[in-house]
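Whatever order the structure lists ligands and atoms in, that order sets their numbers, starting from 1.
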Amino acid sequence: MKIIVVGAGIGGLAAAISLHEAGLMDVTVYERSTGIRGLGVGINLLPHAVRELTELGVAETIAALGVEPRTLAYFTRFGQAIWDEPRGVAAGYRWPQLSVHRGRLQLALRDLADARLAEPIRLGHRLIGIRSNADGTETARFATADGEVEATADVVVGADGIHSALRALRYPAEGAPPWSGLTLWRGVARIPAFLDGRTMIMAGDGEQKFVAYPLQEADADGRVLVNFIAEKRVGGSGDADWNRAIDPAPIAELFRDWSFDWLDVPGAIAAAEEILEYPMVDRDALPRWTFGRTTLLGDAAHAMYPNGSNGGSQAILDARTLAFHLATADSIDEALTRYEDDRRPAMTALLAGTRATGPERVMLVAAERAPEGFADIDDVVPRAERERIAADYKTAAGFLPETLNERPSLSARADR
Ligand SMILES: Cc1cc2nc3c(=O)[nH]c(=O)nc-3n(C[C@H](O)[C@H](O)[C@H](O)COP(=O)(O)OP(=O)(O)OC[C@H]3O[C@@H](n4cnc5c(N)ncnc54)[C@H](O)[C@@H]3O)c2cc1C
(Lines give C-alpha, C1' and ligand atoms only; values in the text may rest on other atoms or scores of the structure.)
Protein backbone atom coordinates (compact mmCIF):
# COMPACT_ATOMS: atom_id res chain seq x y z
CA MET A 1 0.00 0.00 0.00
CA LYS A 2 1.51 3.32 -1.08
CA ILE A 3 0.69 6.25 1.21
CA ILE A 4 1.31 9.98 0.75
CA VAL A 5 1.32 12.18 3.85
CA VAL A 6 1.02 15.90 3.08
CA GLY A 7 2.69 18.08 5.74
CA ALA A 8 5.72 17.42 7.97
CA GLY A 9 4.32 19.04 11.12
CA ILE A 10 3.69 17.17 14.35
CA GLY A 11 0.71 15.26 12.91
CA GLY A 12 2.23 14.37 9.54
CA LEU A 13 5.52 13.15 11.01
CA ALA A 14 3.70 11.18 13.73
CA ALA A 15 1.53 9.63 11.01
CA ALA A 16 4.51 8.62 8.89
CA ILE A 17 6.29 7.04 11.88
CA SER A 18 3.09 5.31 13.04
CA LEU A 19 2.33 3.89 9.57
CA HIS A 20 5.87 2.59 9.27
CA GLU A 21 5.72 1.04 12.75
CA ALA A 22 2.45 -0.65 11.78
CA GLY A 23 4.22 -2.37 8.88
CA LEU A 24 3.07 0.02 6.14
CA MET A 25 6.50 0.79 4.75
CA ASP A 26 5.72 2.65 1.54
CA VAL A 27 5.11 6.10 3.01
CA THR A 28 6.31 9.41 1.55
CA VAL A 29 5.94 12.77 3.31
CA TYR A 30 5.59 15.94 1.21
CA GLU A 31 6.23 19.29 2.93
CA ARG A 32 5.66 22.81 1.58
CA SER A 33 8.64 24.39 3.42
CA THR A 34 12.08 24.03 1.89
CA GLY A 35 13.53 23.11 5.30
CA ILE A 36 12.15 21.95 8.64
CA ARG A 37 13.35 24.71 10.92
CA GLY A 38 11.67 23.66 14.17
CA LEU A 39 9.50 26.74 14.66
CA GLY A 40 7.09 27.66 17.45
CA VAL A 41 7.24 27.90 21.21
CA GLY A 42 5.85 25.54 23.86
CA ILE A 43 3.38 22.73 23.34
CA ASN A 44 1.87 20.26 25.79
CA LEU A 45 1.58 16.55 25.16
CA LEU A 46 -1.19 15.09 27.31
CA PRO A 47 -0.96 11.54 28.72
CA HIS A 48 -3.04 10.32 25.74
CA ALA A 49 -0.33 11.40 23.34
CA VAL A 50 2.55 10.28 25.57
CA ARG A 51 0.99 6.79 25.66
CA GLU A 52 1.11 6.68 21.84
CA LEU A 53 4.70 7.95 21.74
CA THR A 54 5.62 5.33 24.34
CA GLU A 55 4.05 2.51 22.33
CA LEU A 56 5.83 3.84 19.23
CA GLY A 57 9.09 3.49 21.16
CA VAL A 58 9.99 7.19 20.94
CA ALA A 59 8.83 8.50 24.33
CA GLU A 60 12.31 8.57 25.87
CA THR A 61 13.64 10.69 23.01
CA ILE A 62 10.73 13.12 23.36
CA ALA A 63 10.76 13.15 27.20
CA ALA A 64 14.40 14.25 27.13
CA LEU A 65 13.28 17.43 25.33
CA GLY A 66 10.98 18.77 28.04
CA VAL A 67 9.59 18.41 31.55
CA GLU A 68 6.59 16.80 33.22
CA PRO A 69 4.26 19.35 34.79
CA ARG A 70 2.98 17.92 38.08
CA THR A 71 0.18 20.41 38.81
CA LEU A 72 -2.19 22.69 36.91
CA ALA A 73 -3.25 25.69 38.99
CA TYR A 74 -5.79 28.44 38.28
CA PHE A 75 -5.54 31.98 39.70
CA THR A 76 -7.42 35.28 39.49
CA ARG A 77 -5.98 38.32 37.71
CA PHE A 78 -4.74 39.36 41.19
CA GLY A 79 -2.77 36.13 41.59
CA GLN A 80 -5.19 34.60 44.12
CA ALA A 81 -5.45 30.80 44.02
CA ILE A 82 -8.78 29.35 42.77
CA TRP A 83 -8.11 25.68 42.05
CA ASP A 84 -5.30 23.24 41.46
CA GLU A 85 -5.14 19.64 40.39
CA PRO A 86 -2.45 17.05 39.73
CA ARG A 87 -1.38 16.28 36.15
CA GLY A 88 -0.05 13.20 34.39
CA VAL A 89 1.15 10.34 36.59
CA ALA A 90 0.28 12.31 39.75
CA ALA A 91 -3.34 12.42 38.50
CA GLY A 92 -3.52 8.63 38.08
CA TYR A 93 -2.60 8.27 34.41
CA ARG A 94 -0.12 5.55 33.55
CA TRP A 95 1.67 8.07 31.30
CA PRO A 96 2.99 11.56 32.12
CA GLN A 97 2.11 14.87 30.54
CA LEU A 98 5.07 16.55 28.83
CA SER A 99 5.72 20.24 28.16
CA VAL A 100 8.12 20.61 25.24
CA HIS A 101 9.27 23.19 22.73
CA ARG A 102 7.26 22.58 19.54
CA GLY A 103 10.28 23.18 17.35
CA ARG A 104 12.45 20.67 19.22
CA LEU A 105 9.59 18.14 19.09
CA GLN A 106 9.19 18.62 15.33
CA LEU A 107 12.94 18.25 14.72
CA ALA A 108 13.06 15.09 16.86
CA LEU A 109 10.13 13.58 14.93
CA ARG A 110 11.83 14.57 11.66
CA ASP A 111 15.03 12.80 12.75
CA LEU A 112 13.02 9.69 13.66
CA ALA A 113 11.22 9.79 10.30
CA ASP A 114 14.52 10.28 8.45
CA ALA A 115 16.03 7.30 10.27
CA ARG A 116 13.08 4.97 9.74
CA LEU A 117 11.39 5.79 6.42
CA ALA A 118 12.70 4.41 3.16
CA GLU A 119 11.89 7.63 1.30
CA PRO A 120 13.34 11.02 2.34
CA ILE A 121 10.88 13.82 3.17
CA ARG A 122 10.13 15.70 -0.06
CA LEU A 123 10.71 19.31 0.95
CA GLY A 124 9.56 22.28 -1.13
CA HIS A 125 6.42 20.45 -2.30
CA ARG A 126 3.18 22.40 -1.78
CA LEU A 127 -0.02 20.47 -2.39
CA ILE A 128 -2.19 22.28 -4.94
CA GLY A 129 -4.50 19.62 -6.37
CA ILE A 130 -5.90 16.12 -5.97
CA ARG A 131 -7.48 13.74 -8.48
CA SER A 132 -9.21 10.38 -7.94
CA ASN A 133 -8.34 7.74 -10.52
CA ALA A 134 -10.54 4.95 -11.93
CA ASP A 135 -8.40 2.26 -10.24
CA GLY A 136 -9.10 3.76 -6.79
CA THR A 137 -5.74 5.50 -6.44
CA GLU A 138 -5.34 9.21 -5.80
CA THR A 139 -2.99 11.57 -7.61
CA ALA A 140 -1.69 14.58 -5.67
CA ARG A 141 -0.31 17.62 -7.49
CA PHE A 142 2.45 19.72 -5.93
CA ALA A 143 3.99 23.08 -6.78
CA THR A 144 7.79 23.05 -6.49
CA ALA A 145 10.55 25.53 -7.36
CA ASP A 146 11.03 23.60 -10.63
CA GLY A 147 7.37 23.53 -11.60
CA GLU A 148 4.51 21.16 -10.87
CA VAL A 149 4.93 17.46 -10.09
CA GLU A 150 2.43 14.68 -9.50
CA ALA A 151 2.52 11.61 -7.25
CA THR A 152 0.03 8.74 -7.11
CA ALA A 153 -0.78 6.61 -4.06
CA ASP A 154 -3.44 4.32 -2.60
CA VAL A 155 -4.07 6.77 0.24
CA VAL A 156 -3.42 10.51 0.60
CA VAL A 157 -3.43 11.97 4.13
CA GLY A 158 -3.82 15.74 4.48
CA ALA A 159 -1.80 16.69 7.58
CA ASP A 160 -1.20 20.19 6.27
CA GLY A 161 -2.29 22.26 9.26
CA ILE A 162 -4.91 24.90 9.98
CA HIS A 163 -4.62 26.35 6.44
CA SER A 164 -4.86 22.88 4.88
CA ALA A 165 -4.87 22.84 1.09
CA LEU A 166 -6.56 19.42 0.99
CA ARG A 167 -9.34 20.67 3.26
CA ALA A 168 -9.77 23.77 1.06
CA LEU A 169 -10.02 21.55 -2.03
CA ARG A 170 -12.84 19.60 -0.32
CA TYR A 171 -14.54 22.66 1.22
CA PRO A 172 -13.73 25.51 -1.21
CA ALA A 173 -16.30 27.90 0.30
CA GLU A 174 -15.02 27.58 3.89
CA GLY A 175 -12.82 30.70 4.05
CA ALA A 176 -10.45 31.75 6.84
CA PRO A 177 -10.49 30.18 10.32
CA PRO A 178 -13.11 31.88 12.55
CA TRP A 179 -11.63 34.27 15.14
CA SER A 180 -12.74 34.46 18.78
CA GLY A 181 -11.71 38.14 19.01
CA LEU A 182 -8.89 37.31 21.44
CA THR A 183 -5.24 37.76 20.55
CA LEU A 184 -2.51 35.52 21.93
CA TRP A 185 1.12 36.51 22.46
CA ARG A 186 3.36 33.48 22.82
CA GLY A 187 6.91 33.58 24.07
CA VAL A 188 9.70 31.78 25.90
CA ALA A 189 11.65 33.47 28.72
CA ARG A 190 14.20 32.50 31.37
CA ILE A 191 12.80 33.74 34.70
CA PRO A 192 13.00 32.85 38.42
CA ALA A 193 11.25 29.48 38.98
CA PHE A 194 7.73 29.92 40.38
CA LEU A 195 5.74 27.77 42.86
CA ASP A 196 7.32 24.27 42.89
CA GLY A 197 9.02 24.76 39.51
CA ARG A 198 6.79 22.06 37.96
CA THR A 199 3.40 23.81 37.89
CA MET A 200 1.47 25.02 34.85
CA ILE A 201 -0.49 28.15 35.81
CA MET A 202 -3.42 30.04 34.32
CA ALA A 203 -4.41 33.43 35.72
CA GLY A 204 -7.16 35.85 34.70
CA ASP A 205 -10.65 35.75 33.25
CA GLY A 206 -12.51 35.73 29.92
CA GLU A 207 -11.05 39.10 28.83
CA GLN A 208 -7.41 38.76 29.77
CA LYS A 209 -5.35 35.78 30.75
CA PHE A 210 -1.78 34.58 31.34
CA VAL A 211 -0.69 30.95 31.01
CA ALA A 212 2.84 29.77 31.85
CA TYR A 213 4.65 26.48 32.23
CA PRO A 214 8.28 25.38 32.56
CA LEU A 215 9.96 23.81 29.53
CA GLN A 216 13.02 22.62 31.47
CA GLU A 217 14.17 21.87 34.99
CA ALA A 218 15.27 24.94 36.98
CA ASP A 219 19.00 25.88 36.79
CA ALA A 220 21.27 25.74 39.83
CA ASP A 221 20.62 29.50 40.20
CA GLY A 222 16.84 28.90 40.47
CA ARG A 223 15.94 30.20 37.02
CA VAL A 224 13.79 28.28 34.61
CA LEU A 225 12.89 28.45 30.91
CA VAL A 226 9.12 28.95 30.66
CA ASN A 227 6.65 29.08 27.85
CA PHE A 228 3.90 31.63 28.22
CA ILE A 229 0.75 32.67 26.43
CA ALA A 230 -0.62 36.13 27.24
CA GLU A 231 -4.12 36.72 25.95
CA LYS A 232 -6.43 39.75 25.63
CA ARG A 233 -9.31 41.10 23.59
CA VAL A 234 -7.66 44.02 21.75
CA GLY A 235 -9.15 44.25 18.25
CA GLY A 236 -6.80 43.74 15.30
CA SER A 237 -7.14 40.99 12.73
CA GLY A 238 -7.88 37.29 12.80
CA ASP A 239 -5.21 36.57 10.21
CA ALA A 240 -3.52 33.37 11.48
CA ASP A 241 0.25 33.29 10.93
CA TRP A 242 2.17 31.16 13.48
CA ASN A 243 5.38 33.18 13.03
CA ARG A 244 4.44 36.87 13.32
CA ALA A 245 7.07 38.35 15.69
CA ILE A 246 6.41 41.59 17.57
CA ASP A 247 8.07 43.74 20.27
CA PRO A 248 7.43 42.41 23.87
CA ALA A 249 7.33 45.90 25.55
CA PRO A 250 3.73 46.93 24.68
CA ILE A 251 2.45 43.48 25.66
CA ALA A 252 4.23 43.66 29.04
CA GLU A 253 2.54 47.04 29.49
CA LEU A 254 -0.92 45.46 29.00
CA PHE A 255 -0.12 43.27 32.05
CA ARG A 256 1.62 45.99 34.14
CA ASP A 257 -0.65 45.37 37.19
CA TRP A 258 -0.08 41.60 37.19
CA SER A 259 2.97 41.41 39.49
CA PHE A 260 2.07 38.69 41.98
CA ASP A 261 4.22 37.82 44.98
CA TRP A 262 4.89 34.42 43.35
CA LEU A 263 5.24 35.47 39.68
CA ASP A 264 6.12 38.73 37.91
CA VAL A 265 3.97 38.52 34.76
CA PRO A 266 5.08 41.78 33.06
CA GLY A 267 8.69 40.88 33.93
CA ALA A 268 8.30 37.46 32.26
CA ILE A 269 6.81 38.99 29.11
CA ALA A 270 9.51 41.67 28.93
CA ALA A 271 12.22 38.98 29.34
CA ALA A 272 11.13 37.13 26.18
CA GLU A 273 13.58 37.41 23.30
CA GLU A 274 10.71 37.37 20.88
CA ILE A 275 6.92 37.46 21.09
CA LEU A 276 4.81 35.73 18.49
CA GLU A 277 1.36 37.22 17.94
CA TYR A 278 -1.45 34.86 16.98
CA PRO A 279 -5.21 35.32 16.86
CA MET A 280 -7.23 32.79 18.86
CA VAL A 281 -8.72 30.97 15.89
CA ASP A 282 -9.93 27.45 15.31
CA ARG A 283 -11.92 25.60 12.68
CA ASP A 284 -15.58 24.60 12.65
CA ALA A 285 -16.23 20.87 12.96
CA LEU A 286 -16.56 19.17 9.56
CA PRO A 287 -19.33 16.78 8.48
CA ARG A 288 -16.81 14.59 6.66
CA TRP A 289 -13.01 14.12 6.50
CA THR A 290 -12.71 11.29 3.99
CA PHE A 291 -13.33 11.69 0.25
CA GLY A 292 -12.36 8.74 -1.92
CA ARG A 293 -9.07 7.54 -0.49
CA THR A 294 -8.03 10.87 0.93
CA THR A 295 -8.56 11.95 4.51
CA LEU A 296 -7.60 14.74 6.92
CA LEU A 297 -5.53 14.55 10.10
CA GLY A 298 -4.50 16.93 12.91
CA ASP A 299 -5.20 20.65 12.54
CA ALA A 300 -6.30 20.11 8.94
CA ALA A 301 -9.23 18.12 10.33
CA HIS A 302 -9.93 19.85 13.66
CA ALA A 303 -7.78 22.88 14.54
CA MET A 304 -8.59 23.98 18.10
CA TYR A 305 -7.68 26.97 20.25
CA PRO A 306 -3.95 26.61 21.08
CA ASN A 307 -4.42 27.05 24.84
CA GLY A 308 -6.53 23.90 25.15
CA SER A 309 -3.27 21.84 25.18
CA ASN A 310 -4.80 19.55 22.57
CA GLY A 311 -3.43 20.50 19.12
CA GLY A 312 -0.34 18.31 19.10
CA SER A 313 -1.81 15.58 21.30
CA GLN A 314 -4.89 14.99 19.19
CA ALA A 315 -2.84 15.01 15.98
CA ILE A 316 -0.71 12.19 17.42
CA LEU A 317 -3.86 10.24 18.37
CA ASP A 318 -5.22 10.69 14.83
CA ALA A 319 -1.93 9.39 13.46
CA ARG A 320 -1.92 6.25 15.57
CA THR A 321 -5.62 5.55 14.97
CA LEU A 322 -5.22 5.87 11.21
CA ALA A 323 -2.20 3.55 11.19
CA PHE A 324 -4.03 1.01 13.35
CA HIS A 325 -7.01 0.83 10.99
CA LEU A 326 -4.96 0.81 7.79
CA ALA A 327 -2.96 -2.08 9.26
CA THR A 328 -5.94 -4.12 10.46
CA ALA A 329 -9.04 -3.42 8.33
CA ASP A 330 -9.98 -5.67 5.39
CA SER A 331 -9.81 -2.83 2.89
CA ILE A 332 -8.56 0.74 2.61
CA ASP A 333 -12.12 2.05 2.38
CA GLU A 334 -13.08 0.19 5.54
CA ALA A 335 -9.96 1.51 7.32
CA LEU A 336 -10.72 5.12 6.41
CA THR A 337 -14.34 4.72 7.54
CA ARG A 338 -13.22 3.30 10.90
CA TYR A 339 -10.64 6.05 11.34
CA GLU A 340 -13.23 8.74 10.75
CA ASP A 341 -15.83 6.98 12.94
CA ASP A 342 -13.31 6.78 15.81
CA ARG A 343 -11.96 10.27 15.56
CA ARG A 344 -14.38 12.75 13.96
CA PRO A 345 -17.25 12.61 16.52
CA ALA A 346 -14.72 12.76 19.39
CA MET A 347 -13.04 15.80 17.84
CA THR A 348 -16.40 17.49 17.18
CA ALA A 349 -17.21 17.16 20.90
CA LEU A 350 -13.73 18.32 21.98
CA LEU A 351 -13.92 21.37 19.68
CA ALA A 352 -17.22 22.35 21.28
CA GLY A 353 -15.80 21.80 24.79
CA THR A 354 -12.69 23.85 24.02
CA ARG A 355 -14.80 26.72 22.66
CA ALA A 356 -16.87 26.57 25.87
CA THR A 357 -13.59 27.23 27.78
CA GLY A 358 -13.53 23.75 29.35
CA PRO A 359 -11.95 23.56 32.82
CA GLU A 360 -11.02 27.26 32.67
CA ARG A 361 -14.65 27.99 33.42
CA VAL A 362 -13.68 28.01 37.11
CA MET A 363 -11.72 31.23 36.46
CA LEU A 364 -14.68 32.87 34.73
CA VAL A 365 -17.06 31.91 37.54
CA ALA A 366 -14.67 33.32 40.19
CA ALA A 367 -14.19 36.58 38.21
CA GLU A 368 -17.93 36.99 37.68
CA ARG A 369 -18.77 36.53 41.36
CA ALA A 370 -15.79 38.41 42.82
CA PRO A 371 -14.45 40.83 40.20
CA GLU A 372 -12.27 42.62 42.78
CA GLY A 373 -10.87 39.43 44.36
CA PHE A 374 -11.82 37.64 47.57
CA ALA A 375 -10.73 36.87 51.12
CA ASP A 376 -11.59 33.16 50.85
CA ILE A 377 -12.30 31.29 47.60
CA ASP A 378 -14.67 28.95 49.45
CA ASP A 379 -17.05 31.88 49.98
CA VAL A 380 -17.09 32.58 46.22
CA VAL A 381 -16.92 29.18 44.50
CA PRO A 382 -17.34 26.38 47.07
CA ARG A 383 -14.96 23.45 46.80
CA ALA A 384 -17.66 21.03 45.64
CA GLU A 385 -18.51 23.33 42.71
CA ARG A 386 -14.85 23.70 41.74
CA GLU A 387 -14.46 19.91 41.82
CA ARG A 388 -17.55 19.50 39.66
CA ILE A 389 -16.31 21.96 37.00
CA ALA A 390 -13.00 20.09 36.73
CA ALA A 391 -14.67 16.66 36.62
CA ASP A 392 -17.36 17.66 34.10
CA TYR A 393 -14.79 18.67 31.47
CA LYS A 394 -12.70 15.52 31.95
CA THR A 395 -15.77 13.32 31.62
CA ALA A 396 -17.10 15.19 28.56
CA ALA A 397 -13.72 15.18 26.83
CA GLY A 398 -13.00 11.52 27.69
CA PHE A 399 -9.98 12.58 29.76
CA LEU A 400 -10.61 10.43 32.84
CA PRO A 401 -7.49 8.45 33.80
CA GLU A 402 -9.33 5.10 33.82
CA THR A 403 -10.65 5.69 30.27
CA LEU A 404 -7.11 6.07 28.96
CA ASN A 405 -5.50 3.48 31.24
CA GLU A 406 -7.96 0.76 30.23
CA ARG A 407 -8.27 1.47 26.50
CA PRO A 408 -6.72 -1.26 24.31
CA SER A 409 -3.48 -0.38 22.56
CA LEU A 410 -3.43 1.08 19.04
CA SER A 411 -0.26 -0.87 18.20
CA ALA A 412 -0.83 -3.23 15.27
CA ARG A 413 1.12 -4.81 12.42
CA ALA A 414 -0.20 -5.09 8.89
CA ASP A 415 -0.39 -8.73 7.82
CA ARG A 416 -0.57 -7.93 4.15
C1 LIG B 1 5.26 27.22 12.29
C2 LIG B 1 4.30 26.67 13.32
C3 LIG B 1 4.46 27.05 14.64
C4 LIG B 1 3.57 26.56 15.61
N5 LIG B 1 3.78 26.92 16.90
C6 LIG B 1 2.99 26.39 17.86
C7 LIG B 1 3.22 26.70 19.22
O8 LIG B 1 4.12 27.45 19.55
N9 LIG B 1 2.41 26.17 20.17
C10 LIG B 1 1.39 25.32 19.82
O11 LIG B 1 0.68 24.83 20.72
N12 LIG B 1 1.15 24.99 18.54
C13 LIG B 1 1.92 25.51 17.55
N14 LIG B 1 1.69 25.18 16.25
C15 LIG B 1 0.53 24.32 15.94
C16 LIG B 1 0.76 22.88 16.31
O17 LIG B 1 1.93 22.39 15.71
C18 LIG B 1 -0.45 22.12 15.82
O19 LIG B 1 -1.63 22.65 16.43
C20 LIG B 1 -0.42 20.66 16.20
O21 LIG B 1 0.85 20.20 16.46
C22 LIG B 1 -1.07 19.80 15.11
O23 LIG B 1 -0.10 19.58 14.10
P24 LIG B 1 -0.39 19.42 12.59
O25 LIG B 1 0.70 18.52 12.09
O26 LIG B 1 -1.77 19.05 12.32
O27 LIG B 1 -0.19 20.88 11.99
P28 LIG B 1 1.14 21.74 11.90
O29 LIG B 1 2.07 21.45 12.99
O30 LIG B 1 0.66 23.13 11.69
O31 LIG B 1 1.86 21.22 10.55
C32 LIG B 1 1.34 21.38 9.24
C33 LIG B 1 2.49 21.19 8.25
O34 LIG B 1 1.95 21.16 6.93
C35 LIG B 1 2.74 21.97 6.08
N36 LIG B 1 1.88 22.44 4.99
C37 LIG B 1 0.92 23.40 5.04
N38 LIG B 1 0.33 23.51 3.84
C39 LIG B 1 0.92 22.61 3.00
C40 LIG B 1 0.73 22.26 1.63
N41 LIG B 1 -0.20 22.86 0.87
N42 LIG B 1 1.50 21.27 1.09
C43 LIG B 1 2.46 20.66 1.87
N44 LIG B 1 2.67 20.97 3.17
C45 LIG B 1 1.91 21.92 3.74
C46 LIG B 1 3.22 23.09 7.02
O47 LIG B 1 4.36 23.75 6.51
C48 LIG B 1 3.49 22.33 8.30
O49 LIG B 1 4.79 21.79 8.33
C50 LIG B 1 2.51 25.67 15.24
C51 LIG B 1 2.36 25.29 13.89
C52 LIG B 1 3.25 25.77 12.93
C53 LIG B 1 3.09 25.34 11.46
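Between H302 and W289, a ring centre-to-centre spacing shorter than 6.0 Å is recorded.
Ring geometry, W258 versus F260: the interplanar angle falls from 30° to 60°, so the pair is classed tilted. Using the six-membered ring where Trp is involved, F228 and F210 have ring planes that are parallel, under 30° apart on the 30 and 60° scheme.
Within 4.0 Å of ligand 1, the residues that place a heavy atom are V6, G7, A8, G9, I10, G11, G12, Y30, E31, R32, S33, L39, G40, V41, G42, I43, R102, H125, R126, L127, A159, D160, G161, A165, R186, W242, N243, G298, D299, G311, G312, A315, listed by chain and number.
Residues meeting the salt bridge (charged side-chain N to carboxylate O under 4.0 Å, His left out) test with R293, sequence neighbours left out: D333.
Legend: salt bridge (Lys or Arg N to Asp or Glu O under 4.0 Å) pairs involving residues 175-192, not counting sequence neighbours, sorted by first then second residue: R190-D219. Within the structure, ring pair (Phe, Tyr, Trp, His ring centres under 6.0 Å) contacts touching residues 150-187 (residues at least two apart or in different chains) are Y171-F291.
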